[in-house]
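Computed from heavy atoms alone, side chains included, the values below leave out hydrogens, waters and symmetry copies. This structure is a prediction, so every number in the text was calculated from the model and none was measured. Chain letters run A, B, ... following the sequence lines, proteins first, then strands; residues in each count from 1.
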Number of protein chains: 2
Amino acid sequence: MKITFNKRDPVYIQVVQHFKEQIASGKYELGQEIPSRRELANQLKINPNTAQRAYKEMEEAGLIFTEGNNPSRITKDEQVLRNLRTELIEGAVDRLIAAVEPVNIPIDELIGLIQAKYEEQRGEQR
Amino acid sequence: MKITFNKRDPVYIQVVQHFKEQIASGKYELGQEIPSRRELANQLKINPNTAQRAYKEMEEAGLIFTEGNNPSRITKDEQVLRNLRTELIEGAVDRLIAAVEPVNIPIDELIGLIQAKYEEQRGEQR
DNA sequence: TTATCTGTATTAATCATATAATACAGCGTA
DNA sequence: TACGCTGTATTATATGATTAATACAGATAA
C-alpha cells in the first residue's frame, strides 16, 4: 500500500480515492479484508485519525463494511461496485465535457486527442 | 460578470479559471480592458484582495498586462491565447485519461459516452 | 488642490484540514 | 485473567491557505 499524496486535496479524500480506484480496477475481492486503521496509518505515514476518517467515508458510501471489531472488509454488494465504476467513468466524462465547453473544440478533434493519449498511456503500462 | 462559486476551490483560483474560459472562448478582444480590482470585487461580492490575487496570477501567466495605474488589459499576444486554449484542452484530456485509467474501460465505449454527452450538451445550449 | 480613481503591499484574522493525545469497549488468545 | 489487537469517539492544538483590513503611491479630473 503506497500513495503519492498531492498537497492540494485533503489526505483522507486521497485515501478514499485510492481505494475507489483499487476497488474499481478489481484489485480487491468481494469481502476482502483491508488494513486496520492503525496499520494503514503506519503504512502511509499518516495519522490514525486520518485513516479513520477515510474509512468512515468509505463505510458511509457502502464500499466497505465493519463487523464487530474486526478489520473492515470490501463490500460484497456487486451492485455497489458496478455503481462505483459507472460513477468514476461518468464523473470523468462530465468533467471533460465541462472543461472543454468554453473552448469550442470540434468533437472529432477532441476524440482524436483522447485516442492518442489513451494509446500512449496503454503503451506506457506495458 | 457573474460566477457561481463552489466551496471546494479557492475563490481566486475560480476567478482565474473563469477568465481563462472567457478568454479561450473568444469573449475578449486583444488588449481589451477588464474591470479594475475593486470593481470586480464589487461585481462578484468578493474581497478586493482576492480579486488582486486572481489578477496577479493572470499577469504572471501572461494573460493580462498592466500599464501604470490603469485597469489591466487582456494580452495582445496571440500565441499566449493559442497556448491557453491548448492547455485547457490537453489538461482536460489528461485528467480524463488519468481518471479512467484504473477502470479498464474499452476506448470505444469511452468515446461513445463522450459523444453522447457532447451532443446532449450542445443540444442544451440552443 | 482636493477627490477619486488606479495598482500594490503589508499585516491581521479566519477557516478548513490535519495532527495529536486520550479514552472506551469488544474480542480473541496466550 | 491479562494482554494485545480491533473499531470508535472526543477534545485540543497546530498548521497552512485563504480571505480580509488597511495603508500607500501614482495618476487623472473636477
Side-chain angles (χ1 to χ4, degrees), chain A residues 1-20 23 28-29 31-77 80, chain B residues 1-20 23 28 31-77:
Chain A
M1 179 82 57
K2 187 175 175 302
I3 306 179
T4 52
F5 293 108
N6 67 56
K7 292 180 183 175
R8 176 157 176 62
D9 301 307
V11 172
Y12 75 95
I13 293 287
Q14 294 182 62
V15 173
V16 171
Q17 185 64 23
H18 178 260
F19 271 93
K20 282 186 179 177
I23 296 171
Y28 284 109
E29 296 177 12
Q32 182 174 340
E33 198 173 87
I34 58 178
S36 77
R37 276 76 167 159
R38 290 175 176 87
E39 185 178 342
L40 183 74
N42 273 333
Q43 288 181 15
L44 301 182
K45 314 293 183 198
I46 62 177
N47 192 279
N49 293 311
T50 305
Q52 159 66 4
R53 181 153 183 193
Y55 278 18
K56 190 178 177 188
E57 294 263 328
M58 290 193 282
E59 184 135 27
E60 287 170 356
L63 296 176
I64 65 175
F65 65 96
T66 311
E67 287 174 342
N69 35 2
N70 300 308
S72 301
R73 294 173 175 278
I74 302 294
T75 182
K76 294 176 182 170
D77 185 338
V80 168
Chain B
M1 180 83 55
K2 187 175 175 302
I3 306 178
T4 53
F5 293 108
N6 66 57
K7 291 179 184 177
R8 176 159 173 61
D9 301 307
V11 172
Y12 76 94
I13 294 287
Q14 296 183 60
V15 172
V16 170
Q17 185 64 23
H18 179 261
F19 271 93
K20 283 185 178 176
I23 295 171
Y28 285 108
Q32 181 175 341
E33 198 171 89
I34 59 177
S36 78
R37 277 77 167 157
R38 289 174 176 86
E39 185 177 341
L40 182 75
N42 273 332
Q43 287 180 16
L44 300 181
K45 315 291 183 199
I46 63 178
N47 192 280
N49 293 305
T50 305
Q52 158 65 3
R53 179 149 187 196
Y55 277 17
K56 190 180 178 187
E57 295 263 326
M58 290 194 282
E59 184 136 26
E60 286 170 356
L63 296 176
I64 64 175
F65 66 95
T66 312
E67 290 175 341
N69 37 2
N70 300 308
S72 301
R73 295 173 176 279
I74 302 295
T75 183
K76 294 175 183 172
D77 186 337

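At least one side-chain nitrogen or oxygen of A:N47 sits closer than 4.0 Å to the OP1 or OP2 atom of C:dA20. Within the 4.0 Å cut-off from OP1 or OP2 of C:dT6, not a single side-chain nitrogen or oxygen of B:R37 is found. The side chain of B:Y12 contributes an N or O atom lying less than 4.0 Å from OP1 or OP2 of D:dT18. In terms of phosphate contacts, A:T50 brings no side-chain nitrogen or oxygen within less than 4.0 Å of OP1 or OP2 of C:dA18. Under 4.0 angstrom from either OP1 or OP2 of C:dG7 there lies no side-chain N or O belonging to B:T66.
One interatomic measurement links the two molecules: NZ of A:K56 to C1' of D:dT10, which rounds to 11 Å at whole-angstrom precision. Following rounding to the nearest Å, B:K45 (NZ) and D:dT19 (C1') show an atom-to-atom distance of 18 Å. Taking atom CD1 on B:I34 and atom C1' on C:dG7, their separation rounds to 12 Å, with Å as the unit. Separating the CD atom of B:Q52 from the P atom of C:dT6 is a distance of 13 Å, rounded to the nearest angstrom. Between B:R73 atom CZ and C:dT6 atom P the separation is 13 Å, expressed in whole Å. The separation between A:E39 atom CD and D:dC5 atom P is 11 Å, rounded to whole Å. Computed from coordinates, the B:F5 CZ to D:dT18 P distance equals 14 Å when rounded to whole Å. We find that CZ of A:F65 is positioned 15 Å from C1' of D:dT6, with the value rounded to whole Å.
In this structure, the side chains of A:T4 and A:K2 come closer than 4.5 Å at one or more pairs of heavy atoms.
Between the side chain of B:N49 and the base of C:dA12, no donor-acceptor pair of N or O atoms lies under 3.5 Å. Side-chain to base pairing of B:N69 with C:dG7: no donor and acceptor N or O lie closer than 3.5 Å to each other.
A:E59 and A:S72 are not linked by any side-chain donor-acceptor pair at a separation below 3.5 angstrom, with hydrogens and angles left out of the test.
Remark: of the listed residues B:N42, B:N47, B:L40, B:L40 is the sole one forming a side-chain contact (heavy atoms from CB on, under 4.5 Å) with B:L44. Screening B:Y12, B:F65, B:F19 against B:Y55 for a ring pair (Phe, Tyr, Trp, His ring centres under 6.0 Å) leaves a single residue, B:F19.
Between A:R53 and B:P35, the one whose closest nucleotide on DNA chain C sits nearer the 5' end is B:P35. Place A:D9 and A:N70 on DNA chain C by their nearest nucleotides, and A:D9 ends up nearer the 5' end. The nearest heavy atom of DNA chain D to B:P10 and to A:S72 marks one nucleotide each, and the one closer to the 5' end goes with A:S72.
When every heavy atom of A:I3 is checked against every heavy atom of A:Q14, the shortest pair comes out as CD1-O, 4.5 Å.
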